[in-house]
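All values derive from a computational prediction rather than experimental measurement.
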Amino acid sequence: MKEERSIPMAIILSIITCGLYCIYWFIVLTDDVNAVTGNHGDTSGGMSFVLDLVTCGIYGIYWSYKMGEKLDRYFGDNGSRSIIYLVLCLFGFGFVNYILIQDGLNKI
């Protein structure tokens, strides 16, 4: 299920492996958010990665918004995460979303 991950280590591993760890991180982030928020029927991490790959990153924009929406619902916030994640993704800072999502998961 969900395990606490070191954000600096995940960043270092993503750099060292030329992004391969980033793929793994994307998949487990998706699965962890779905598990923590009780959305077990939602798109799995593996399928999300395939959809992101097939749509040339367009699904990644939707994914960012949905991850923010799920975490907002879990924490009882007003919807700011989903907008922040969407804007970051649209401006090319999608990797920052991984960090923010992991930070949210580590707080749970």
Can you name the closest pair of heavy atoms from Gly104 and Phe75 and give their distance? O-CZ, 3.6 Å

Looking only at non-hydrogen atoms, find the nearest pair between Cys89 and Gly60 and report the distance. SG-O, 3.9 Å

Quick one: does any side-chain atom of Asn39 pair with a main-chain N or O of Val33 as donor and acceptor, under 3.5 Å? no

What are the two closest non-hydrogen atoms of Glu69 and Ser82, and how far apart are they? N-CB, 3.6 Å

Roughly how far apart are Ser14 OG and Ile23 CD1, rounded to 0.5 Å? 9.5 Å

Side chains of Thr30 and Thr43, heavy atoms from C-beta outward: is any pair under 4.5 Å? no

Does the Asp103 side chain pair with the main chain of Leu105, one donor and one acceptor, at a distance under 3.5 Å? no

A side-chain contact here means heavy atoms from C-beta on lying under 4.5 Å apart; do Phe49 and Trp63 qualify? no

Arg5 and Asp32, any side-chain heavy atoms less than 4.5 Å apart: yes

Is the number of heavy atoms from other residues, nucleotides or ligands under 6.0 Å of Phe93 CZ greater than 12? no

Are Leu71 and Ile7 co-members of a hydrophobic cluster defined by side-chain heavy atoms under 4.5 Å apart? yes

Taking side chain as C-beta onward, heavy atoms only, is Tyr65 less than 4.5 Å from Tyr85? no

Cluster link Leu20 to Ile16, ILVMFWY, side chain under 4.5 Å: no

Close side-chain approach of Ser44 to Asn34, heavy-atom, < 4.5 Å: no

Less than 6.0 Å separating the ring centroids of Tyr62 and Tyr59? yes

NZ/NE/NH1/NH2 to OD/OE distance under 4.0 Å, Asp42 and Lys70: yes

Quick one: do Val54 and Ile58 end up in the same hydrophobic cluster if we chain Ile, Leu, Val, Met, Phe, Trp and Tyr together by side-chain heavy atoms under 4.5 Å apart? no

Below 30° counts as parallel, above 60° as perpendicular, anything between as tilted: where do the rings of Phe95 and Trp25 land? perpendicular

Report yes if the side chains of Thr17 and Tyr24 come closer than 4.5 Å at any heavy-atom pair, otherwise no. no

Quick check on the hydrophobic clustering: are Val87 and Leu90 connected, directly or via other members, by side-chain heavy-atom contacts under 4.5 Å? yes

Any non-hydrogen side-chain atom of Ser48 less than 4.5 Å from a side-chain atom of Ile27? no

Working to the nearest 0.5 Å, report the span between CG of Asn97 and OG of Ser64. 4.0 Å

Can you name the residues that form a salt bridge (Lys or Arg N to Asp or Glu O under 4.0 Å) with Asp72, not counting sequence neighbours? Arg81

Is there a donor-acceptor pair closer than 3.5 Å between any side-chain N or O of Asn106 and the backbone N or O of Ser6? no

Are Ile99 and Ile108 connected in the hydrophobic side-chain network, where two residues link if heavy atoms are under 4.5 Å apart? yes

Given side chains that start at C-beta, do those of Gln102 and Leu29 come closer than 4.5 Å, heavy atoms only? yes

